[in-house]
Each structure stands twice: as structure tokens, then as C-alpha cells.
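Structure first, commentary second.
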Amino acid sequence: MTKLVTTAPVPEGPGRTAVVMTMGALHDGHAALMRAARKDADFVIVTIFVNPLQFGAHEDLDRYPRTLEKDLQICEAEGVDIVFAPSVREIYPDGTPQVTIHPGPLGEQLEGAVRPGHFAGVLTVVLKLLHLTRPDVAYFGEKDYQQLTLIKRMVRDLSLDVEIVGVPTVREPDGLALSSRNRYLSPDERQLALALSRALNKGATQHTPDAVLATAGKELTGLSVDYLELRDPRLGPAHSGPARLLVAARVGTTRLIDNIEVELH
Ligand code: PAF
């Protein structure tokens, strides 16, 4: 039986505890995180919190999908022990916090260049939720690769006692990366959105930076691209060996991101 908890403290469980942090509107990508957690831990907590701190003034905070009833059913089916779904007041009792996490230089690049303050909001809430749930391990999707990288960095830089595990992106059969924002896409836009995964897949067939970027870029003509970049696995400058190709583009009014592993030589 999944137990819904809306106020801290979150009950502690026996043995190894895993947390999966979400903003709700759960889909199969989240279910994959829960399954990885369930396999590895004795006690699984899912947090559901649409964090105002990580949304810019012109972003989709108000229209972000809120589907708690359905989310609880998914958590129940995945054998989650506790869903922690606090109110904004519970997390930020004094309003906007004055002490926040500074994500460092990487927080201003890629997503951070387009969404100023976004990663300060993400890291601040992630740190708070880690404190409130006290897990041994926390699972995050590779779809938000920069978020995952920054969370790992925060854990190292601030000596947090938690293991961070990345889980591969779950895709529709046609390649579209699962995202809560996909539900905003009209059928025509959904068709256009396939260009992102197509660009990444074609780019990943190449092995020099110029060829990767040129091949991927060709697939994106006609889309409003925020960035298409090749970085090393920790999002520093790309060298030879494993690298990450990352893309963000707008399809209609919906902003989508995706990434893939690439091998450079
Ligand atoms: O990836 C998300 O859903 C959010 O950014 C997170 C990690 C739950 C923080 O609000």
C-alpha cells in the first residue's frame, strides 16, 4: 500500500532507502526510475512537488499538469512505499528562500543560459528534499542530463551522504523522449518534435565533433533551436572518447530537450 504524506517529517523505512524526485504528471520515464529504485532498495519514496523556484516568470508553472490521483495509482502499481507531496507552503514556509544553492558556472550554460535561475531553483529543492527524505540513494533521469550532472556535482562539492544514480531516457517507439510536456504537443507538433531524437541518432553515427554537429544540425532545420552542443560526459569541453550531444528546441510554444551518448575519435 502506498502511503500519501503531505507534511514533514517523512516516515523512515527499514533498510536501504531510495528516493525518486518528480514534479508529478508521471509517465513511463518516472516508472523506470521507480523500478530501478524498487530493485535496489528496501524502502522507496517518491516526491511530487511542482517547484515554483525553478520556473522563470514566463514559463509554464501555472499550466504545468497536476494529476495527483493518477500519479498515486502509478506509484501504487510500482510498489512505492511513500509518496511525499508537500504544499508550496510546506517547502517554503517563509516564501521565497533567501539562502539558495549556487550551481556554479555550469548552471549558466546550456539550459541555464536560456533559463536564468533555473538550476539554483532545482538544486535548492533537491537539497531540501534530500534532507526531508534522508535517502541512501536518489534516482534521476538522463533526459535532464545537465540537471543530473549538476546534482552529482552538488553532492561531491557539498559532501552530501547520498548516492546519485542516472537512469537512461525512456522513449516512445518512434524515438520521442518521454516528457510531461509532450502532452502540450498537437499531433502536427508531435511529428515535428521527432526531429530532436532523429538529429541525435544521426549525429551519434559520426565520430568527429564537426561531423556530429553538422549531421545532427541538418535534421533540425525549420525548428527554433536553443542549442545543439557536444560536451564531455561531465559537460566540460568535448574531447575524444565518450561525449554527450545535447539539444533544446521549441516546437510551437513547447520547449523540448534531449541528449545522447556519442563516441568521439
Ligand atoms: O526533474 C524534475 O522533475 C525536477 O527538476 C526535480 C528534480 C524533481 C526538482 O524539482
Side-chain angles (χ1 to χ4, degrees), residues 5 8 10 18-34 36-37 44-56 59-68 70-71 74-75 78 80 82-92 96-97 100-101 103 106-107 110-112 114-133 135 137-155 158 160 162-170 177-184 235 246 248 254-259:
V5 174
V10 179
V19 71
V20 174
M21 294 182 192
T22 80
M23 299 204 300
L26 302 180
H27 50 65
D28 273 353
H30 298 110
L33 299 177
M34 294 177 211
V44 178
I45 302 172
V46 169
T47 68
I48 298 181
F49 180 63
V50 183
N51 174 33
L53 215 59
Q54 70 187 71
F55 286 79
E59 293 183 2
D60 56 350
L61 175 63
D62 292 335
R63 74 162 184 162
Y64 199 84
R66 284 154 170 96
T67 58
L68 186 60
K70 192 165 167 253
D71 293 348
I74 292 171
C75 292
E78 297 300 336
V80 169
I82 294 210
V83 168
F84 180 50
S87 65
V88 172
R89 218 188 153 76
E90 178 73 22
I91 296 295
Y92 302 119
T96 306
T100 56
I101 296 291
L106 177 57
L110 301 165
E111 283 302 285
V114 187
R115 306 179 70 187
H118 172 67
F119 287 116
V122 169
L123 294 186
T124 300
V125 83
V126 167
L127 184 64
K128 284 184 75 108
L129 291 169
L130 287 173
H131 283 309
L132 292 169
T133 57
V137 56
Y139 288 84
F140 295 91
E142 283 186 354
K143 190 186 145 267
D144 295 297
Y145 190 84
Q146 188 177 6
Q147 167 174 286
L148 172 64
T149 306
L150 281 165
I151 292 169
K152 285 183 176 167
R153 184 79 205 213
M154 171 173 77
V155 164
L158 302 185
L160 304 183
V162 65
E163 185 188 338
I164 303 298
V165 178
V167 175
T169 304
V170 178
L178 295 196
S179 162
S180 304
R181 291 188 167 101
N182 289 352
R183 69 189 71 194
Y184 302 149
L235 299 181
L246 305 104
T254 307
R255 198 164 171 281
L256 299 173
I257 61 173
D258 202 351
N259 67 86

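Order of appearance sets the numbers: ligands from 1, and atoms from 1 within every ligand.
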Next on the checklist: Counting only heavy atoms from other residues, nucleotides and ligands, does the tally under 6.0 Å from CZ of Arg181 exceed 12?
Outcome noted: yes
Item to check | Under 4.0 Å to a heavy atom of Val125 - the qualifying atoms of ligand 1, by number | outcome: 9 (C), 10 (O)
Item to check | Non-hydrogen side-chain atoms of Met23 and Phe55 separated by less than 4.5 Å | outcome: yes
Checklist entry - Is any N or O atom of Thr22, backbone or side chain, closer than 3.5 Å to an N or O atom of ligand 1? => result no
Next on the checklist: Quick test: of every protein heavy atom, which one is nearest to atom 10 (O) of ligand 1, and how far off is it to 0.1 Å?
Outcome noted: Gln54 OE1, 2.6 Å
Next on the checklist: For the backbone of Ala85 and the side chain of Glu90, can you confirm whether one donor and one acceptor N or O come within less than 3.5 Å of each other?
Outcome noted: no
Checklist outcome for this item: Of Met21, His118, Lys143, the residue with the heavy atom nearest atom 8 (C) of ligand 1 is Met21
Checklist entry - Glu59 and side-chain hydrogen bond (donor to acceptor under 3.5 Å, both in side chains): which partner among His118, Gln54, Arg115? => result Arg115
Checklist entry - Nearest protein heavy-atom contact for atom 3 (O) of ligand 1: which residue, which atom, what distance? => result Met23 CG, 3.5 Å
Checklist entry - Does ligand 1 have a heavy atom under 4.0 Å from the side chain of Ile151, from its backbone, from both, or from neither? => result neither
Checklist entry - Listed by chain and number, what are the side-chain hydrogen bond (donor to acceptor under 3.5 Å, both in side chains) partners of Arg255, not counting sequence neighbours? => result Glu111, Asp226
Next on the checklist: Once side-chain hydrogen bond (donor to acceptor under 3.5 Å, both in side chains) is applied, do any residues pair with Asn182, and if so which ones, sequence neighbours excluded?
Outcome noted: none
Item to check | Residue, atom name and distance, where the atom is the protein heavy atom closest to atom 2 (C) of ligand 1 | outcome: Gln147 NE2, 3.8 Å
